[in-house]
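Remember, it's a predicted structure, so these values are computed and weren't measured experimentally. FYI, side chains are in, hydrogens and waters are out, and symmetry mates aren't considered; it's all heavy atoms of this structure. Every chain is numbered from 1, with letters handed out A, B, ... down the list of sequences.
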Amino acid sequence: MNYWLMKSEPKIYSFDDLKRDRETVWDGVRNYQARNFLRQMQVGDLAFFYHSNIAFPGLVGLVRVVATLADPTQFDPNSRYYEPKSTPECPRWQTVRVEFVETFPLISRETLKQEFSTEELIVLRQGNRLSVMPVVEKVALQILALANSKIAQS
DNA sequence: GCCAACGTTGGC
DNA sequence: GCCAACGTTGGC
């Protein structure tokens, strides 16, 4: 099993939206590096949900991969993510369906910076624009421990 | 709102 | 294939 970090702007799709929907398809990713990570994701993998582009960015919860699939928006001529070169037999863009697992008390970007280096956590790197990125197990377990201690405090 | 960092586009 | 210009992202 692998760990990931998935980034979303809450103004566009927040963790509360996912909690309400229970699950969602991570569609619309049109960056090859992010797609390659999406291709590596497997059912059962866990991902930290990160809120970006807000006053207090950080990790807000945990999600689980429940399916892998071709991004449906690439076949939709009305979608801004339409990809005319894609066919169902040979899709260009792969993605995953994720389900809500649990909410954390916010683990702020500031806290993450104190705990981890930019080498350990890609999301901390300046200018990072990937919406999906891997998290090595050692770091993932530390984040989960951090989340559990915050839950215990609250 | 500012601006640095990044990916993409398009002229050559 | 290079690279300047441009649009977007995202922290602050």
Side-chain angles (χ1 to χ4, degrees), chain A residues 2-21 23-41 45-65 68-87 90-136 138-140 142-147 149-150 153-154:
Chain A
N2 291 307
Y3 294 93
W4 306 91
L5 185 150
M6 301 177 86
K7 190 172 65 179
S8 185
E9 294 188 34
K11 281 172 219 159
I12 296 171
Y13 193 82
S14 72
F15 196 58
D16 278 344
D17 291 333
L18 177 61
K19 188 175 183 181
R20 175 199 65 211
D21 298 340
E23 52 178 48
T24 193
V25 173
W26 208 259
D27 59 16
V29 175
R30 293 295 180 270
N31 171 289
Y32 283 98
Q33 205 182 343
R35 182 201 62 178
N36 292 342
F37 290 138
L38 285 164
R39 281 184 170 170
Q40 293 168 29
M41 293 173 89
D45 283 359
L46 293 172
F48 300 100
F49 198 104
Y50 181 92
H51 274 172
S52 69
N53 212 6
I54 45 163
F56 299 101
L59 300 176
V60 289
L62 196 64
V63 304
R64 183 187 292 112
V65 176
T68 62
L69 69 162
D71 184 336
T73 61
Q74 70 193 305
F75 306 124
D76 177 3
N78 296 318
S79 170
R80 63 178 286 208
Y81 302 115
Y82 180 55
E83 172 52 70
K85 290 180 184 143
S86 281
T87 61
C90 188
R92 182 160 299 199
W93 302 104
Q94 179 76 13
T95 192
V96 294
R97 178 187 296 275
V98 294
E99 68 174 0
F100 170 86
V101 176
E102 71 172 320
T103 302
F104 299 158
L106 175 71
I107 303 176
S108 69
R109 181 176 179 86
E110 200 180 345
T111 301
L112 291 171
K113 274 185 183 168
Q114 286 164 12
E115 299 287 329
F116 306 105
S117 69
T118 53
E119 285 74 29
E120 289 173 308
L121 251 196
I122 296 169
V123 77
L124 297 179
R125 293 177 198 168
Q126 193 175 23
N128 163 67
R129 293 170 74 168
L130 290 172
S131 71
V132 178
M133 61 206 95
V135 178
V136 296
K138 176 182 163 234
V139 172
Q142 285 178 258
I143 294 171
L144 288 172
L146 208 58
S149 72
K150 277 181 173 275
Q153 283 166 25
S154 62

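- Applying a 4.0 Å cut-off to non-hydrogen atoms, the residues of residues 113-126 of chain A that approach DNA chain C are A/K113, listed by residue number.
- Running 5' to 3' along DNA chain C, contacts with non-hydrogen atoms of chain A at under 4.0 Å begin and end at C/dG7 to C/dC12.
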Which pairs would a plain distance check flag for residues 77-84 of chain A, meaning a side-chain donor or acceptor within less than 3.5 Å of a matching protein atom at least two apart in sequence or in another chain?
from: A/S79; atom 1: OG; to: A/Y81; atom 2: N; distance (Å): 2.9
from: A/E83; atom 1: OE2; to: A/K85; atom 2: N; distance (Å): 3.0

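- Remark: A/R30 engages A/D71, A/T73 in a side chain to side chain donor-acceptor pair (under 3.5 Å) (not counting sequence neighbours).
- Taking A/S108 as the reference, A/T111 meet the side chain to side chain donor-acceptor pair (under 3.5 Å) condition, with sequence neighbours excluded.
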Donor-acceptor list for residues 47-65 of chain A side chains, cut-off 3.5 Å, not counting sequence neighbours:
from: A/Y50; atom 1: OH; to: A/R109; atom 2: NH1; distance (Å): 2.9
from: A/H51; atom 1: NE2; to: A/F15; atom 2: N; distance (Å): 3.0
from: A/N53; atom 1: ND2; to: A/E9; atom 2: OE1; distance (Å): 3.1
from: A/R64; atom 1: NH1; to: A/E99; atom 2: OE2; distance (Å): 2.6

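- Partners of A/D17 by salt bridge (Lys or Arg N to Asp or Glu O under 4.0 Å), not counting sequence neighbours, listed by chain and number: A/R20.
- Between A/N128 and A/N53, the residue anchored closer to the 5' end of DNA chain B is A/N53, taking for each the nucleotide with the nearest heavy atom.
- For A/T103, the side chain to side chain donor-acceptor pair (under 3.5 Å) criterion is met by no residue, not counting sequence neighbours.
- Among all heavy-atom pairs drawn from A/V96 and A/M6, the shortest one is CG2-CE, 4.1 Å.
- Taking the side chain to side chain donor-acceptor pair (under 3.5 Å) definition, one finds that A/W4 meets it with A/D45, sequence neighbours left out.
- Within the nucleic acid shown, A/Y50 comes within 4.0 Å of sugar-phosphate atoms alone, with no base atom in reach, counting heavy atoms only.
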